[in-house]
There are 2 protein chains.
Amino acid sequence: MVATPSRRDRVRAATVAEIKDTARRILVAEGPDGLSLRAIAREMGMTAPALYRYFPSREDLVIALIADLYDELVEAMVAARDAAAAAGSEPGVPDELLPLGGASRGFRRWALANRREFGLLFGSPIPGVEIEKSDDDDPAHQAAHRFGQVFGELVGGLYLSRPFPVPADEDIPPPLRAELANWSQAFPVPLPLGAAQVFLSCWIRLYGAVAMEVFGHLRFALTDAEPMFELELRDLGSKLVPASTVSTSG
Amino acid sequence: MVATPSRRDRVRAATVAEIKDTARRILVAEGPDGLSLRAIAREMGMTAPALYRYFPSREDLVIALIADLYDELVEAMVAARDAAAAAGSEPGVPDELLPLGGASRGFRRWALANRREFGLLFGSPIPGVEIEKSDDDDPAHQAAHRFGQVFGELVGGLYLSRPFPVPADEDIPPPLRAELANWSQAFPVPLPLGAAQVFLSCWIRLYGAVAMEVFGHLRFALTDAEPMFELELRDLGSKLVPASTVSTSG
DNA sequence: CGTTCACGATTAACACTGTTCACTGCGGTG
DNA sequence: CACCGCAGTGAACAGTGTTAATCGTGAACG
């Protein structure tokens, strides 16, 4: 299928990569508003129309950049996950939660180190950039899916190896139950609807904590949000642990 | 101090209001990118440079618009709060929580009905628009403060009238304790640091749930996020209620 | 009442933006 | 060698925020 890519294809791929790297650099330096085709081309010693040989529009370039950023984020999270698992136990934290905690901290660390990029991935959608596309072949959507899988595998694997308490199907309000049932059809492994609900709740809290910090929406209260994040993380972990082992200190 | 404003001042104020209203209309119709000075002026039968008689730059216009939007959001939340308080009891919800629940639902409803505006207030900060200003005289910051006070008063009043369980100061990790102590100095009424921590945690979850839904970041799992929001709201409420009355069903 | 002057508003212009079009070269292929 | 396709260019179009110079009118003051 994949024959040796012709020499032209290689230099083309290299140019595409250079465009995205340059765009990335300008994004962090100037912000999304300064991310103009002419600026990218200027920095590469080209002219703006030449970029249309590689991307049909600025929007598609941004989408490709977003896909790359998702992959980079996944890489950082996976590395943090494995490092945390290898580092060994933390006081008061069950060993099974270490990978998940590592991935969560990796998520926050990447977000803080790459605020502009985080805003592109998880901020308010910019009109004209993959709004309501819902194209499943959209590379950004695929990358986002890979990102979600990291957390999904961790929580799902956690539940399968040592179930944490989840509400029974009958205890979930019917409208939510229907939503969760619909979603759970996409799971690679069958999980109870309650597990999906707990996962979603945890993800909402994690997103809230990180997004608020990165976007500066916690500055009204905190100058350094890390202690609060750590507390949230522990509270989240307490929900993913068998009921008897919970230490109610938060 | 405030003498009868001269006739000129009145028509000027009216023009300022019309500019912001027009900007608002264009914002919802075209999105933040379509919010151009020329478009505003065109719709008002003027030319773009005339707007510089009223706002020193586009950024200042947007900031003024943001302040207005905060006030509108506060108005919607207050109305929802009072309506919920007057409507009477919900099954399984203590009456004291009704105003807070109403305000929270009002927050979500306004956010969903005004997605673009919500993105402006609570999304990723756009560079060039009040980034890192921290001018306390910034009208947008003042309006944001008024917004925060709505939730602050509700949770604070709730605690003062019927305390909910909060961690003791000694049980809060020292770094977080220092952050909360610093923040609590700005409180109009003294509250335990634990109450500040619970408030912050609740606000993070509420923000996370609403922001994810509005920004479309929950579509990977849910087509309608309302049932999940209602569940989060109940779980939040269970933290703001005396320990004995908690019904552990989530 | 007449003068003055600040303010509202306009047109023209500058430096940008995304995008399209017509046009050059050059590299790889037949 | 001839050819075709592709990378890249410059010009152009419509639009942007913003500034400068200018004009006219309404309000205030002597």
Side-chain angles (χ1 to χ4, degrees), chain A residues 3-23 25-27 29-66 116 120 126-131, chain B residues 3-23 25-27 29-66 116 120 126-131:
Chain A
T4 57
S6 79
R7 168 180 162 74
R8 290 269 277 238
D9 291 348
R10 269 182 288 130
V11 325
R12 183 181 173 84
T15 306
V16 168
E18 187 185 347
I19 291 173
K20 288 190 288 191
D21 287 355
T22 310
R25 230 179 12 252
I26 294 178
L27 171 68
E30 312 285 345
D33 287 5
L35 185 52
S36 70
L37 294 182
R38 283 184 167 85
I40 298 171
R42 202 179 308 133
E43 195 142 326
M44 293 180 61
M46 304 194 342
T47 58
L51 298 176
Y52 283 81
R53 295 276 163 195
Y54 301 92
F55 298 95
S57 76
R58 187 195 113 109
E59 175 183 347
D60 295 81
L61 196 164
V62 173
I63 289 178
L65 180 58
I66 287 177
R116 294 273 171 58
L120 226 52
I126 302 170
V129 73
E130 72 149 345
I131 200 165
Chain B
T4 58
S6 78
R7 168 181 162 75
R8 290 247 312 207
D9 291 349
R10 269 182 288 131
V11 323
R12 183 182 172 85
T15 306
V16 168
E18 187 185 347
I19 291 174
K20 287 191 290 192
D21 286 356
T22 309
R25 230 179 12 252
I26 295 178
L27 171 68
E30 313 286 345
D33 287 5
L35 184 53
S36 69
L37 295 182
R38 283 185 168 84
I40 297 171
R42 201 179 309 132
E43 195 142 328
M44 293 178 62
M46 303 193 343
T47 58
L51 298 176
Y52 283 80
R53 293 279 161 192
Y54 301 91
F55 297 96
S57 76
R58 187 193 113 108
E59 174 184 350
D60 295 78
L61 197 163
V62 173
I63 290 178
L65 181 59
I66 287 178
R116 295 271 169 60
L120 226 51
I126 303 170
V129 75
E130 71 148 348
I131 199 166

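Lettering of chains follows the sequences in order, A, B, ..., and the numbering in each one begins at 1.
- The residue Leu35(A) sits close only to the backbone: its heavy atoms come under 4.0 Å of sugar-phosphate atoms, none of a base.
- Of the candidates dA9(C), dT9(D), dT17(C), dT17(C) carries the atom nearest the Arg42(A) side chain, counting heavy atoms from C-beta on.
- Residue contacts for Phe55(B): at a heavy-atom cut-off of 4.0 Å it reaches no nucleic acid atom on any strand shown.
- Looking at which nucleotide of DNA chain C each of Pro56(A) and Gly45(B) is closest to, the 5′-most match is held by Gly45(B).
- Inter-residue side-chain proximity for Lys20(A) and Tyr54(A) is flagged as unmet; no heavy-atom pair is nearer than 4.5 Å.
- When the side-chain nitrogen and oxygen atoms of Arg12(B) are compared with OP1 and OP2 of dC7(C), none of them lie within a distance under 4.0 Å.
- The CD atom of Glu18(B) sits 14 Å away from the P atom of dG8(C) (whole-angstrom rounding).
- Between Ile26(B) atom CD1 and dT16(D) atom C1' the separation is 14 Å, expressed in whole Å.
- Within 4.0 Å (heavy atoms only), Tyr52(B) reaches at least one base atom of the nucleic acid.
- Taking Thr22(A) as the reference, Glu18(A), Arg25(A), Ile26(A), Ile40(A), Glu43(A), Met44(A) meet the side chain to side chain contact (heavy atoms under 4.5 Å, CB included) condition, with sequence neighbours excluded.
- Looking only at side-chain heavy atoms (C-beta outward), Leu61(A) and Leu37(A) come within less than 4.5 Å of each other.
- Nearest to the side chain of Arg53(A), among dT16(D), dC6(D), dC21(C), sits dC6(D).
- Residue-level contact check: Ser57(A) touches the backbone only, with heavy atoms under 4.0 Å from sugar-phosphate atoms and none from bases.
- The distance from atom CG of Leu37(B) to atom C1' of dT16(D) is 9 Å, rounded to the nearest whole Å.
- When rounded to the nearest whole Å, the span between CD of Glu30(B) and P of dG15(D) equals 13 Å.
- Ile126(A) places none of its side-chain heavy atoms less than 4.5 Å from the side chain of Val62(A).
- What separates CZ of Arg58(A) from P of dG15(D) is a distance of 19 Å, to the nearest Å.
- Between Ile40(A) atom CD1 and dG18(C) atom C1' the separation is 12 Å, expressed in whole Å.
- The interatomic distance linking Leu61(A) (CG) with dT17(C) (C1') rounds to 15 Å, in whole Å.
- Between the Arg58(B) side chain and the Leu35(B) main chain, a donor and an acceptor come within less than 3.5 Å of each other.
- Look at CZ on Arg10(A): it is 15 Å from P on dG27(C), rounded to the nearest Å.
- One donor-acceptor pair, N or O on each side, does fall under 3.5 Å between the base of dG18(C) and the side chain of Arg38(A).
- A close approach under 4.0 Å does occur between a side-chain nitrogen or oxygen of Thr47(A) and OP1 or OP2 of dT9(D).
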